[in-house]
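Taking it in order: structure first as structure tokens, then the write-up.
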Amino acid sequence: MAIIGMAVYDTVENDRTKYTKATLESLKKTVNLIEHTLYIVDNNSCEATKKVIEDFCKKVSSVQVITLEENIGTAKAINKAWKFRKPGQHCIKMDNDVVIHEKGWVDLLEDAISRDPENIGQAALKRKDLAESPNSTHEFYKSEIIMLPHEGGQRWIIAEEVQHCMGTCVMHNSKLIDIVGGLEQMGGIYGFDDSLMSLRSRISGFKNVFIPSVNIDHIDHGDNPYSEEKRKYAGIMMAAYGKAREEYINGIRNVYCEM
């Protein structure tokens, strides 16, 4: 059983209601939402998205909704969902702009971690637009294809070990969360939480892997004012991120972050 935490911040201006609706329908088709618990954390979205969430909950009664009065940011919102995890329970950070085409992907990510639970900190689905590859000439994007441990009768699982798991859909090993706590949110509402978690995972002695066999589509192509706003904010926060990164690497900054 895994917790799936999905933060939602849709406004009339950013026009993301359609993405949230498509993501939820995708989860309904591909995830056993009785066995795995979906927490939707609504950062005070517009009325159209509130209606989408309400209608979805009528179809899937097991879904838990946390409604906030303001946008507290993605990482802090996800942490509110992860606080409900039970001992040994893995947690997923899920964006609300992705469509997954294959059933059983949560079970596959759980299976991947179970094959090497002392070493795999993150197991993620891989977007088609990412640069990680064994053929990359860039040190940061150079990856390694590995075969996960296998016993007779088990399916074979091929993983791609990487430095950084893009946070579109990432399962975090309960053992990793026990060590590092929740996602860290730098600045106001955004702030490199995915990059920092991947770094904190590796510093804590874990591997980060993609399971690239699962077909997914990132449906926000970044060609809207909201995406441009996020890119500008990321540029402003880059110096703070670089400082935090160096502090983690040099052991000055504690890898644990309170949820």
Side-chain angles (χ1 to χ4, degrees), residues 1-10 16-42 45 49 52-53 55-57 59-65 74-75 77-78 81-82 85 89-115 120-133 143 145 148 155-160 162 164-173 183 193-194 197-198 208-222 227:
M1 291 179 57
I3 280 182
I4 305 169
M6 186 175 78
V8 177
Y9 177 58
D10 299 345
R16 288 178 59 85
T17 299
K18 56 182 180 281
Y19 299 144
T20 297
K21 184 175 182 179
T23 301
L24 290 175
E25 288 302 318
S26 168
L27 291 177
K28 183 173 178 288
K29 293 175 182 177
T30 62
V31 180
N32 182 337
L33 292 174
I34 300 298
E35 182 175 350
H36 307 291
T37 305
L38 171 63
Y39 282 84
I40 302 172
V41 188
D42 180 15
S45 293
T49 290
V52 166
I53 294 172
D55 290 345
F56 185 77
C57 289
K59 301 175 189 175
V60 187
S61 59
S62 60
V63 173
Q64 303 295 312
V65 180
T74 301
I78 295 294
W82 286 9
R85 78 183 185 102
Q89 191 171 25
H90 305 321
C91 293
I92 292 174
K93 187 249 182 182
M94 174 97 191
D95 286 349
N96 64 319
D97 55 8
V98 59
V99 170
I100 304 169
H101 300 288
E102 299 177 28
K103 293 181 179 180
W105 60 269
V106 178
D107 306 283
L108 177 58
L109 295 182
E110 281 189 322
D111 196 1
I113 290 176
S114 73
R115 301 291 180 95
I120 296 178
Q122 295 181 312
L125 304 186
K126 189 178 184 183
R127 285 167 35 175
K128 297 180 176 73
D129 59 336
L130 300 186
E132 281 79 5
S133 169
S143 63
I145 300 298
L148 297 186
R155 60 182 163 184
W156 296 97
I157 301 179
I158 296 173
E160 181 184 13
V162 294
H164 170 231
C165 286
M166 173 68 77
T168 302
C169 187
V170 185
M171 178 174 283
H172 299 74
N173 187 341
L183 297 168
D193 53 274
D194 301 328
M197 181 59 100
S198 292
N208 304 322
V209 303
F210 283 120
I211 306 299
S213 59
V214 179
N215 183 28
I216 71 170
D217 283 312
H218 181 227
I219 54 178
D220 181 357
H221 302 294
S227 297

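If you're wondering where the values come from, they're calculated on a predicted model, not measured in any experiment.
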[atom1]/[X] to [atom2]/[Y] distance, rounded to the nearest 0.5 angstrom?
X	Y	atom1	atom2	result
Gln122	Ile92	CD	CD1	12.0 Å
Asp111	Met171	CG	CE	10.5 Å
Arg16	Ile219	CZ	CD1	8.5 Å
Cys169	Ile100	SG	CD1	4.5 Å
Asn173	Ile113	CG	CD1	5.0 Å
Arg85	Tyr39	CZ	OH	12.5 Å

Which atom names give the shortest non-hydrogen contact between [X] and [Y], and what distance separates them?
X	Y	value
Phe56	Leu33	CZ-CD1, 4.2 Å
Val170	Ala124	CG2-CB, 3.8 Å
Gln89	Met1	CG-O, 3.2 Å
Val41	Ala77	CG2-O, 3.3 Å
Val65	Cys57	CG2-SG, 3.5 Å
Gly5	Ala81	CA-CB, 4.0 Å

Could you tell me whether a side-chain N or O of Thr23 sits under 3.5 Å from a main-chain N or O of Asn96, the two making a donor and an acceptor?
yes
Polar side chain donor-acceptor pair, [X] to [Y], under 3.5 angstrom:
X	Y	value
His218	Asp95	no
His164	Asp194	no
Thr20	Thr49	no
Ser143	Glu160	yes
Thr30	Glu102	no
Lys128	Asn215	yes

So, are Lys59 and Glu25 salt-bridged, with charged N and O less than 4.0 Å apart?
yes
Hey, is Lys18 close enough to Asp10 for a salt bridge, meaning N to O under 4.0 Å?
no
Mark yes when over 12 heavy atoms from residues, nucleotides or ligands other than Ile145 sit less than 6.0 Å from its CD1; otherwise mark no.
yes
Answer yes or no: are there more than 12 heavy-atom neighbours, outside Lys126 itself, under 6.0 Å from its atom NZ?
yes
For Ala159, check side-chain contact (heavy atoms from CB on, under 4.5 Å) against everything at least two apart and list the hits.
Ile146, Leu148, Val209, Ile211
